[in-house]
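Each remark here refers to the structure printed beneath this line.
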Amino acid sequence: MTSTTLDAPSATPILDWYDRHHRDLPWRVSPPMAARGVRADPYRVWLSEVMLQQTTVQAVKPYFANFLARWPTVRDLAEAPNDDVMAAWAGLGYYARARNLKKCAEAVATQHDGVFPDTEDGLKSLPGIGDYTAAALAAIAFNRQAAVMDGNVERVISRLYAISTPLPAGKTLMKQKVALLTPADRPGDFAQAMMDLGATICTPKRPACSLCPFRGSCEALRLHDPEQFPVKAAKKERPVRRGAAFVAVTADGEILLRRRIASGLLGGMTEVPTTAWTSRADGETSADAAPFPAQWEPCGSVTHVFTHFELRLSIYRAAIPSRIQHDDKWWEPVTNLEAQALPTIMKKAIATAIPRVFAMPKG
DNA sequence: AACACGTGGAC
DNA sequence: TGTCCAAGTGT
């Protein structure tokens, strides 16, 4: 522990650690099974990896179970209606992932005979599969010696070698180090071990270095300051945008919905009518901007934090005596909202206007 | 390279 | 309370 010389890092200690301390996850094959030659189902690995992009394991678990139950194979997903997939993804965020998930399933089904390519290059050519997911799939599902680099591995590697080049520029050197460390034997277990280590031991704050299989090799630990790694570029400030959202309700208990355009923020998802969301001080936040005249009543506001801006929506509600038909909108029974592709911000808006239609613990 | 792109949990 | 962050990808 207090030695001044470090052992050369090697894959062996972390593979041994993984054998004893790996997490059991629904999309995984356990190390003993993997040792007997059992391979993870590429469809499940792919589905989990896409869901896990910038998303916690806890958030993914119920979505993964639901997707797998509804669409057990990549062909099933390829044949599913887009709206069903987007509705099933609703709440998980980063909706381009769901759009690309569907495109990828269709490509695998129609261009690859329903079988995922088994090389990094082949995988990376598919929608929604980038450097990380291609390497992870190649290693975990196809036992290829691919260098897997995600946020966990960045943290482990940057500490192990005390790499002070800020991210994202430092990623190039980190990937070289991972490639040198990745074993020809058990590359999939190695990748998962590095991610488990980053998630449970080599954590962003207060890492449990005394339990780490790399404790005799870690330069950051030798420097007594693992938390300083990885160094990251400064973040930009998050501007505030404002707008208004309009919840029209009929006496029959239907609300007016519309579809967002297929690309961009919340692309392809369902929403209640809103004004444009603007950072301007004179932004439209009043009932004057409603989609049609009615007795709009203010019923509160909703704040929602996106990655690159904060949104404050003024919420208005109107009881509509008779259904007014609109070209680009439709009326949906409030009892059927769970089946809609409503992102969380829209569930918050509706819950503010019509309490009790959603169980919304936060907001 | 830099930015767009969601959400909820932890501290 | 604000800040950070969680198995990134596309442009």
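All values below were derived from every heavy atom in this structure, side-chain atoms included, with hydrogens, water molecules and symmetry-related copies excluded. Residue numbers start from 1 in every chain, and the chains themselves are labelled A, B, ... in the order their sequence lines are given, proteins ahead of strands.
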Would you name the heavy atoms of Leu197(A) and Ile14(A) that are closest together and state the gap between them?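 Closest approach of Leu197(A) to Ile14(A): CD2-CD1, 3.8 Å.
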Find which nucleotide of DNA chain B each of Ala169(A) and Ile345(A) is nearest to by heavy atoms, and output the residue with the more 5' nucleotide.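 By nearest-heavy-atom nucleotide position, the 5'-most residue is Ala169(A).
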Quick one: label [X] by what it contacts on the DNA or RNA (base, sugar-phosphate, nothing), any heavy atom closer than 4.0 Å.
X: Trp46(A); value: nothing
X: Ile129(A); value: sugar-phosphate
X: Leu25(A); value: base
X: Val57(A); value: base
X: Val305(A); value: base
X: Lys236(A); value: sugar-phosphate
X: Gly264(A); value: sugar-phosphate
X: Arg155(A); value: sugar-phosphate
X: Gly91(A); value: sugar-phosphate
X: Thr133(A); value: sugar-phosphate
X: Pro127(A); value: sugar-phosphate

Whole angstrom is fine here: how far is it from [atom1] in [X] over to [atom2] in [N]?
X: Arg238(A); N: dT7(B); atom1: CZ; atom2: C1'; value: 11 Å
X: Leu123(A); N: dT9(C); atom1: CG; atom2: P; value: 12 Å
X: Leu342(A); N: dT7(B); atom1: CG; atom2: C1'; value: 15 Å
X: Arg97(A); N: dT9(C); atom1: CZ; atom2: P; value: 11 Å
X: Leu167(A); N: dC4(C); atom1: CG; atom2: P; value: 15 Å
X: Lys348(A); N: dT7(B); atom1: NZ; atom2: P; value: 8 Å
X: Leu311(A); N: dC5(B); atom1: CG; atom2: P; value: 12 Å
X: Tyr63(A); N: dA6(C); atom1: OH; atom2: P; value: 20 Å

Quick one: is [X] getting a side-chain N or O under 4.0 Å of the [N] phosphate, OP1 or OP2?
X: Thr307(A); N: dA4(B); answer: no
X: His304(A); N: dG6(B); answer: no
X: Thr56(A); N: dT7(B); answer: no
X: His308(A); N: dC5(B); answer: yes
X: Lys235(A); N: dC5(C); answer: yes
X: Gln53(A); N: dG8(C); answer: no

Can a donor-acceptor pair under 3.5 Å be found between the side-chain atoms of Thr55(A) and the base atoms of dG8(B)?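 Side chain to base: no pair below 3.5 Å.
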Ignoring hydrogens and angles, does a donor from either the side chain of Tyr94(A) or the base of dG6(B) sit under 3.5 Å from an acceptor on the other?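 When only heavy-atom distances are counted, Tyr94(A) does reach the base of dG6(B) through a donor-acceptor pair under 3.5 Å.
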Return whichever of Gln54(A) or Lys232(A) has its heavy-atom-nearest nucleotide of DNA chain C closer to the 5' end.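 Mapping each residue to its closest nucleotide by heavy atoms, the 5'-most match is Lys232(A).
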Most 5' of Leu126(A) and Leu52(A) on DNA chain C, judged by nearest nucleotide: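 Going by which nucleotide is closer to the 5' end, it is Leu52(A).
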Not counting sequence neighbours, which residues clear ring-ring contact (aromatic ring centres under 6.0 Å, His included) with Phe67(A)? List them please.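 Listed in chain order: Trp71(A), Trp89(A).
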Can you sort out the partners of His326(A) under ring-ring contact (aromatic ring centres under 6.0 Å, His included), two or more places apart, ordered by chain and number?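 If we apply the ring-ring contact (aromatic ring centres under 6.0 Å, His included) test to His326(A), skipping adjacent residues, the hits are Phe292(A).
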For nucleotides dG6(B) and dT11(C), find the distance between their P atoms and express it as a whole number of Å.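 Straight-line distance between the two P atoms is 14 Å.
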Separation of the P atoms in dA6(C) and dC5(B), to the nearest angstrom: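 Between the two P atoms, the distance is 23 Å.
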Using atom types as modelled and distance alone, determine if a side-chain donor or acceptor of Thr165(A) lies under 3.5 Å from a backbone N or O of Ala169(A).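 Here the side-chain-to-backbone pair does not exist.
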Among Val357(A), Val249(A), Ile345(A), side chain to side chain contact (heavy atoms under 4.5 Å, CB included) partner for Ile350(A):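 When side chain to side chain contact (heavy atoms under 4.5 Å, CB included) is applied between Ile350(A) and each of Val357(A), Val249(A), Ile345(A), only Val357(A) qualifies.
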Are Phe306(A) and His308(A), when compared by the centres of their aromatic rings, separated by less than 6.0 Å?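 Ring centres of His308(A) and Phe306(A) not closer than 6.0 Å.
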Pairing donors with acceptors under 3.5 angstrom, does anything connect the side chains of Gln53(A) and Arg97(A)?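 No, no side-chain donor-acceptor pair sits under 3.5 Å.
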